[in-house]
Visitor: 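Starting off with a structure, shown below.
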Protein chains: 2
Amino acid sequence: MTIDKSLLAGSTALLVLKLLESGDKYGYQMVEELRRRSDQTFELKSGTLYPLLHSLEQKGYIEAWEEDVGTARPRRYYHLTDSGRRQLAEKEDEWRTYAGAMLRVLEGGA
Amino acid sequence: MTIDKSLLAGSTALLVLKLLESGDKYGYQMVEELRRRSDQTFELKSGTLYPLLHSLEQKGYIEAWEEDVGTARPRRYYHLTDSGRRQLAEKEDEWRTYAGAMLRVLEGGA
DNA sequence: TATGATATATCGACCATCTACTTATGTCAA
DNA sequence: TTGACATAAGTAGATGGTCGATATATCATA
């Protein structure tokens, strides 16, 4: 593949960054919003999301801050950094390239 | 994910089945045609393709026959079975569902 | 003569996801 | 009040797909 090899399996990273574009969110909230915005198509598992959030934080794309709601566990909100915003734009481009190529093949392109 | 978990990493299977829809082809030929039809976006590696072809054959989606060209290695042509044709239709549906959901999220859908 | 194209194939490494499990609290119904 | 479910974050191990490297073999071209 010319495009980044983790593009296919890695579209979850794009989705998470995209969710944070419209405001800080915590993990559990992202799972719900993603399910809603995708009409139940994407059911992100916690075992997938939390390790992903940690790796995105390590790369400097997102930053965490905690809110102690008093109940249960404190919420860990994530904020999209400038670097994360650039990464988001890049990944979005990449995905559109991928989807475009898929469509050309599926439409029986030349 | 509600959709098959191997959908993302597994869109190569869909691509290969799609290529065989328009006629029997051999591995090396698929790599070339895929590159051409996707405008160089998809560069399928032989280490990915051949094991994939074998697994598709085991599942009964494709059947192989050899053509001894006399030169070098004989070509192993693959033929799409009826079962493979059904699988192709299913995978194509699945992909469009996935792509549609991605677009809804990327367009900032409700 | 050696490089690159043609052609198929395997192996080990890597990486992302999934399932299952853990911890902890609040709420609602039987 | 017991059990189930929602909220909330997290880890560990298994699985599965892709890639790079390597192997083999022939032919054409520089």
Side-chain angles (χ1 to χ4, degrees), chain A residues 1-17 24-36 41-59 61-62 64-78 91 94-95 98, chain B residues 1-17 19 24-36 41-59 62 64-78 91 94-95 98:
Chain A
M1 309 283 172
T2 300
I3 50 175
D4 181 44
K5 81 172 175 180
S6 65
L7 169 69
L8 305 177
S11 56
T12 48
L14 163 57
L15 290 168
V16 164
L17 293 175
D24 296 3
K25 292 180 179 64
Y26 54 95
Y28 193 85
Q29 184 184 8
M30 295 184 214
V31 173
E32 291 189 300
E33 191 169 329
L34 192 56
R35 180 172 44 226
R36 189 174 50 77
T41 303
F42 299 133
E43 300 268 354
L44 206 49
K45 301 305 186 307
S46 67
T48 302
L49 179 63
Y50 293 112
L52 173 62
L53 288 173
H54 300 156
S55 89
L56 290 176
E57 192 180 10
Q58 273 201 321
K59 288 172 192 157
Y61 299 147
I62 60 179
W65 53 274
E66 295 212 348
E67 187 196 37
D68 203 340
V69 198
T71 67
R73 284 205 177 188
R75 290 174 177 165
R76 276 182 74 79
Y77 278 89
Y78 287 94
K91 288 237 170 222
E94 237 180 358
W95 191 83
Y98 155 75
Chain B
M1 307 280 175
T2 300
I3 50 175
D4 181 45
K5 81 173 173 177
S6 65
L7 169 70
L8 305 178
S11 56
T12 49
L14 163 57
L15 289 168
V16 164
L17 293 174
L19 288 177
D24 295 5
K25 292 179 180 63
Y26 54 95
Y28 194 84
Q29 186 184 6
M30 295 184 214
V31 173
E32 291 189 299
E33 191 169 330
L34 191 56
R35 180 174 42 226
R36 190 174 50 76
T41 303
F42 299 133
E43 299 268 353
L44 206 49
K45 301 305 185 306
S46 68
T48 302
L49 178 64
Y50 293 110
L52 173 62
L53 287 173
H54 300 154
S55 90
L56 290 175
E57 192 179 11
Q58 273 202 323
K59 289 170 191 156
I62 60 179
W65 54 274
E66 294 211 349
E67 186 196 38
D68 204 339
V69 198
T71 66
R73 284 206 176 187
R75 291 175 176 162
R76 277 182 73 81
Y77 278 88
Y78 287 94
K91 288 236 171 224
E94 238 180 358
W95 191 83
Y98 155 75

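Owing to the predicted nature of the structure, the values given are computational and were not obtained by experimental measurement. Letters go in sequence order (proteins before strands), and every chain restarts at 1.
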Visitor: Can you name the nearest heavy-atom pair linking Met30(A) to Leu53(A), along with the distance?
Guide: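 Looking at all heavy atoms of both residues, the closest pair is CE-CD2, 3.9 Å.
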Visitor: In whole angstrom, what separates Leu52(A)'s CG from dG10(D)'s P?
Guide: 12 Å
Visitor: Please tell me which of the listed nucleotides, dA9(D), dT8(C), dT10(C), lies nearest to the side chain of His54(B)?
Guide: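 So the side chain of His54(B) is nearest to dT10(C).
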Visitor: When you measure from the side chain of Lys45(B), which nucleotide among dA9(C), dC19(D), dT10(C) comes out closest?
Guide: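 Of dA9(C), dC19(D), dT10(C), dC19(D) is nearest to the side chain of Lys45(B).
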Visitor: State whether Thr12(B) places a side-chain N or O below 4.0 Å from either non-bridging phosphate oxygen (OP1 or OP2) of dT18(D).
Guide: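 It does, given that an N or O in the side chain of Thr12(B) lies less than 4.0 Å from OP1 or OP2 of dT18(D).
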Visitor: Quick check on dA24(C): is either OP1 or OP2 less than 4.0 Å from any side-chain nitrogen or oxygen of Arg73(A)?
Guide: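 False: Arg73(A) side-chain N/O out of range (4.0 Å or more) of dA24(C) OP1/OP2.
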Visitor: Within this structure, what is the CG-to-P distance between Leu44(B) and dG17(D), rounded to whole angstrom?
Guide: 14 Å
Visitor: How is Gly27(B) classified with respect to the nucleic acid when contacts are heavy atoms under 4.0 Å: base, sugar-phosphate, or nothing?
Guide: sugar-phosphate
Visitor: Partners of Ser46(B) by side chain to side chain contact (heavy atoms under 4.5 Å, CB included), sequence neighbours excluded?
Guide: Tyr50(B)
Visitor: Under 4.0 Å between any heavy atoms, over every strand shown, what does Glu66(A) touch: base, sugar-phosphate, or nothing? Just pick one.
Guide: nothing
Visitor: Quick one: Glu43(A) CD to dT19(C) P, roughly how many Å, whole number?
Guide: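 Checked: the CD to P distance equals 11 Å.
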Visitor: When you check the phosphate oxygens OP1 and OP2 of dA7(C), does a side-chain N or O of Tyr26(B) lie under 4.0 Å from one of them?
Guide: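 Yes, such a contact exists.
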Visitor: Salt bridge or not between Lys25(B) and Glu32(B)? Use side-chain N to carboxylate O under 4.0 Å.
Guide: no
Visitor: Of the listed nucleotides (dT6(C), dA8(D), dG10(D)), which one gets closest to any side-chain atom of Tyr28(B)?
Guide: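 So the side chain of Tyr28(B) is nearest to dT6(C).
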Visitor: CD of Glu32(B) versus C1' of dG4(C): gap in Å, rounded?
Guide: 13 Å
Visitor: Just N and O in the side chain of Ser46(A): are any of them under 4.0 Å from OP1 or OP2 of dG10(D)?
Guide: no
Visitor: Would you mind reading off the distance between Leu49(B) atom CG and dA21(D) atom P, rounded to a whole angstrom?
Guide: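 In whole Å, dA21(D) P and Leu49(B) CG are 19 Å from each other.
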Visitor: Report the residue (Arg75(A) or Pro51(B)) whose heavy-atom-nearest nucleotide on DNA chain D is the more 5′ of the two.
Guide: Arg75(A)
Visitor: Which listed nucleotide (dC18(C), dA9(C), dA8(D)) is nearest to the side chain of Arg76(B)?
Guide: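 Side chain of Arg76(B) sits closest to dA9(C).
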Visitor: Could you state the CG-C1' distance from Leu34(B) to dA7(C), rounded to the nearest angstrom?
Guide: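 Result: 17 Å.
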Visitor: Atom CE of Met30(B) to atom C1' of dA7(C): distance rounded to whole Å?
Guide: 12 Å
Visitor: Could you state the atom-to-atom distance from CG of Leu53(B) to C1' of dG17(D) in whole Å?
Guide: 14 Å
Visitor: From Asp24(B) CG over to Gln29(B) CD, what is the distance, rounded to the nearest 0.5 angstrom?
Guide: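 Separation between the atoms: 9.5 Å.
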Visitor: Excluding sequence neighbours, so at least two apart, what forms side chain to side chain donor-acceptor pair (under 3.5 Å) with Glu33(B)?
Guide: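 In terms of side chain to side chain donor-acceptor pair (under 3.5 Å), with neighbours along the sequence ignored, Glu33(B) is linked to Arg37(B).
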